[in-house]
Each structure stands twice: as C-alpha cells, then as structure tokens.
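A short worksheet on the structure shown next.
Note that the structure is a prediction, hence the values are computed from the model and not measured. Order of the sequence lines sets the chain letters (A, B, ...), proteins ahead of strands, with each chain counted from 1.
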There are 2 protein chains.
Amino acid sequence: MKPSFEELKEKLKQRNIHLSYQRLRVLEYLVQNRCHPTVEQIFSDLQKSISTLSKTTVYNILKILVEAGVVRVITIEDYETRYDIEVENHGHFKCKSCGTIYDFNINFDLLNSADLKNFKISDKNVYFKGICPRCLSNINETNEVKGD
Amino acid sequence: MKPSFEELKEKLKQRNIHLSYQRLRVLEYLVQNRCHPTVEQIFSDLQKSISTLSKTTVYNILKILVEAGVVRVITIEDYETRYDIEVENHGHFKCKSCGTIYDFNINFDLLNSADLKNFKISDKNVYFKGICPRCLSNINETNEVKGD
DNA sequence: TCCCAATTTGTAATCATTACATATTTACAA
DNA sequence: TTGTAAATATGTAATGATTACAAATTGGGA
C-alpha cells in the first residue's frame, strides 16, 4: 500500500532504470515527503544538500519516474503540477483555504459507469475540493471566511 | 441536467452579470460545443465571426463564468486547461490515443470516504484515462498501438 | 447628447516547462 | 588502471499559456 524506498528502488532496477545519485535523492524525497510537492518544492529543498542540482534534472527525473509507474502526476489545479509516490486506491482532497492536499481512501471498484462499458480504463483519478477540518474550526472561531 | 442557453442567461442575470455581446457569444459557444474546448479553440473559432476579439477577453469571460458557477474548469492534464458548461453528476474520460474527452454519468453520492467525515466538500471531480472504443477497434484492426 | 463606469482590447510581463548543447559521470573493455 | 562510448546531469535559451496593465471602446442613465 505504502511502498518503501527499498521496494521502489527494486522496481526501478527491474525496469533497467539506472539509480543515479540524483534519481535516488528525488525518489527518497518523495518517499519522505508525501505531501504532493511541486517541482519547485522538490528542487529548492534538494538543492540545499545537492548544490549542483539543476531544475531541469528534477524535471527529467520526475518524467522518468512517472513513466516507470512509481510516481503519479496530480493535476487538481491547472496552474500547479504535483507529484506523488504511486499508491493504490486513494483520492485527493484540496483545501481551498490552506491549500493542503489530503489523501483519502476510496473504493475505486465502486467507481463504474455503464457509459464506459466498452472503454479500456487505465487510470482513475478522484479530486475533491472544499475546506479541511482545521480551517473549518478556524473559520468558526473567528467567524470570518478566509479567501479562496 | 443539460442547461440551455436561455437558462444560463437567466442565471447570469440573477447574479447581476451584464450580458455583453462577447459574453453571450462565449456562452453560446460553450453550449453548442460540449467538447470541453481549450481557450485556444474557443478563441480561434469565435474570432472567425468576431474579428476584433481578443484572447484576453476570452480569458476574462471564462473567469467570470467560472466564478458565476455556470462553467467548470477541467484539468485532466496539467498542460491544457479545458472548459465545460456546468453539468451535474458526470465524470470525464480522456482517450490517450485520440485525445477526445467523453462525459459519463456517475453517482457522486457513492463517492464517499470515511476519511473525509469532518471535511466540507464543495467540489467533486472524477477523471479517467484509457482508450476509447473507437481507438480500441482501430488498434485491433491494424494490430498496432498508436502512441500516447 | 454627455458622462461615468463597465467592458474589451493589445502589448508586455510572468512563470512553468521544454529544447538543446555542453559538461560530467558511469560502465565496461582493453 | 586507463580509455572510450553511452548515459546522465547541467545551464541557458526558447516556448507557450496565462496574467497584468493601461488605453480604447461601449453602454446605460442623467
């Protein structure tokens, strides 16, 4: 369900993807930061310890990891692309107030439609938006609504 | 279920949104072209009959229509923003082969997760990807897979 | 008709992403 | 160990969608 760093390394080896230093560090970052980071977040955090890191490299590596099936692209909003270690059976909830993205479990098998009976479905995404409990309680306390 | 041009005009009037010529034409375009067009498609098609139209205007109008709740943004892919007349209870399927986006009916009430019991959900999106029946039959006929 | 406010327009700026050429590293054979 | 070719990483420039902004146009009410 929640793949470990070692399992992911093994999966990449099986696909003949060379585990370079930068690739391992990006993979490690994604395992340790399951907060659906943007390229900018990944790059700026890793650059602190890999001073020569290039943002192009981060883009290249993410592309390879996505193609290898170990990382998933999340496009809840059109203006920010996020990346997530591939995990089965979950949806994403984005809080309109604080911007946090939460994972939630959902039974994808229930997600069927007669309209798609002749379609080959390879990828299911569920994105919700709204207000998270923490922001809800803040709003109730202050009695004012924070902007979107 | 499928709002008419007249119903949408009425909804905008109720929200005190002035129905300028350009706004009406964009709205009309979206009602007549329920193919989830991009800004580029909307702009280039409308420019044929509104020669003075500016792309900035299309962006402005779409923003207003989205805020008014009559149009929905679809971000299946991170690199292309699409727009859709607001319709309840449907998901979107994008064919990886031909790029067409299909609507399908789905019961959003079944889309629940215990993980979200304290969340206020305002927006549910379901995006599938795969191969549509037409492309599936093409692949079977020619026995070769078209690129992604 | 005139004037003010809303709307539209066009240009320039922004920003994420990609293209591409160069530099570096790695794997492997001699 | 050394040389070399291929793979990988890097940095800069280009691209392209979107936004900011200021000027032009339009529309409605006095």
Do B:Asp115 and A:Tyr102 have side-chain heavy atoms sitting under 4.5 Å apart?
no
Would you mind telling me which residue lines up with the more 5' stretch of DNA chain D, A:His18 or B:Asn60, judged by nearest nucleotide?
A:His18
Is the terminal nitrogen or CZ of B:Lys9 (NZ for Lys, CZ for Arg) located under 6.0 angstrom from the six-membered ring centre of B:Phe5 and within 45° of that ring's axis?
yes
How are the rings of A:Phe119 and B:Phe93 set to each other: parallel, tilted or perpendicular (split at 30° and 60°)?
perpendicular
Out of C:dT8, C:dT17, C:dC20, whichever nucleotide has its closest atom nearest the side chain of A:Thr56:
C:dC20
Are any of [X]'s side-chain N or O atoms less than 4.0 Å away from OP1 or OP2 of [N]?
| X | N | result |
| --- | --- | --- |
| B:Ser20 | C:dT8 | yes |
| A:Tyr59 | C:dT18 | no |
| B:Gln22 | C:dT9 | yes |

Expressed in angstrom and rounded to an integer, what is the separation of [X] atom [atom1] from [N] atom [atom2]?
| X | N | atom1 | atom2 | answer |
| --- | --- | --- | --- | --- |
| A:Leu19 | C:dA27 | CG | P | 10 Å |
| B:Glu77 | C:dT18 | CD | P | 12 Å |
| B:Arg25 | C:dT7 | CZ | P | 19 Å |
| A:Ile50 | C:dT24 | CD1 | P | 18 Å |
| B:Tyr79 | C:dT18 | OH | P | 10 Å |
| A:Ile61 | C:dT17 | CD1 | C1' | 16 Å |
| B:Gln47 | C:dT8 | CD | C1' | 14 Å |

Provide the start and end nucleotides, 5' to 3', of the part of DNA chain D that has atoms under 4.0 Å from heavy atoms of chain A.
D:dT8 to D:dT12
Is any side-chain N of the basic residue among [X] and [Y] closer than 4.0 Å to the acidic one's carboxylate O?
| X | Y | answer |
| --- | --- | --- |
| A:Lys129 | A:Glu77 | yes |
| A:Arg82 | A:Glu80 | yes |
| A:Asp123 | A:Arg72 | yes |

Hey, are A:Asp78 and B:Thr81 close enough side-chain-wise for a donor-acceptor pair under 3.5 Å?
yes
I want to confirm an ordering. Mapping B:Asp78 and B:Arg23 to their closest nucleotides on DNA chain C, which one lands closer to the 5' end?
B:Arg23
